[in-house]
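Below is one structure, written out as structure tokens, with a few remarks after it.
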Amino acid sequence: MKKFLKAVLALGIIGYIGYKVYKYFTKEPEYQEFDDNTDGVEFDVEAEAEESLADKIKAAAKKITG
């Protein structure tokens with residue numbers, strides 16, 4: 001009975017490790033989906049930074065004035 005439990009435990013561990021290795025090598029990069037969705041789209045990073053800065057200033061002003 002001990003040999004059987006050891007064999008089952010060893011096979012379970014080997015199977016789990018094999019599963020994790022399989023998932024690691026077959027996963028898709030997360031950034032690939034983003035690249036596919038943004039083909040032909042241009043971003044103006046400076047304009048976005050200015051807008052976010054302006055929004056931050058407005059929010060701070062609202063906090064001060066109430």
Side-chain angles (χ1 to χ4, degrees):
M1 185 71 172
K2 278 188 172 182
K3 285 186 178 182
F4 175 74
L5 290 176
K6 285 183 181 180
V8 169
L9 182 62
L11 289 175
I13 292 171
I14 291 170
Y16 180 75
I17 291 171
Y19 171 75
K20 288 297 185 177
V21 169
Y22 169 77
K23 292 298 274 185
Y24 177 77
F25 285 114
T26 58
K27 72 177 180 181
E28 300 249 346
E30 294 176 9
Y31 60 84
Q32 183 176 7
E33 183 178 331
F34 180 75
D35 288 342
D36 292 343
N37 292 336
T38 58
D39 289 340
V41 177
E42 295 182 18
F43 292 103
D44 189 2
V45 177
E46 292 178 8
E48 288 181 15
E50 289 176 5
E51 289 177 22
S52 65
L53 179 60
D55 292 338
K56 289 179 183 178
I57 292 171
K58 288 179 186 176
K62 285 181 182 178
K63 284 182 182 178
I64 293 172
T65 59

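Count residues from 1 along the sequence.
Residues Ile14 and Leu5 are members of separate hydrophobic clusters, defined by side-chain heavy-atom contacts under 4.5 angstrom among Ile, Leu, Val, Met, Phe, Trp and Tyr. There is a path of hydrophobic side-chain contacts, each under 4.5 Å, that joins Tyr24 to Ile13.
The NZ atom of Lys62 sits 8.0 Å away from atom NZ of Lys58, with the distance rounded to the nearest 0.5 Å.
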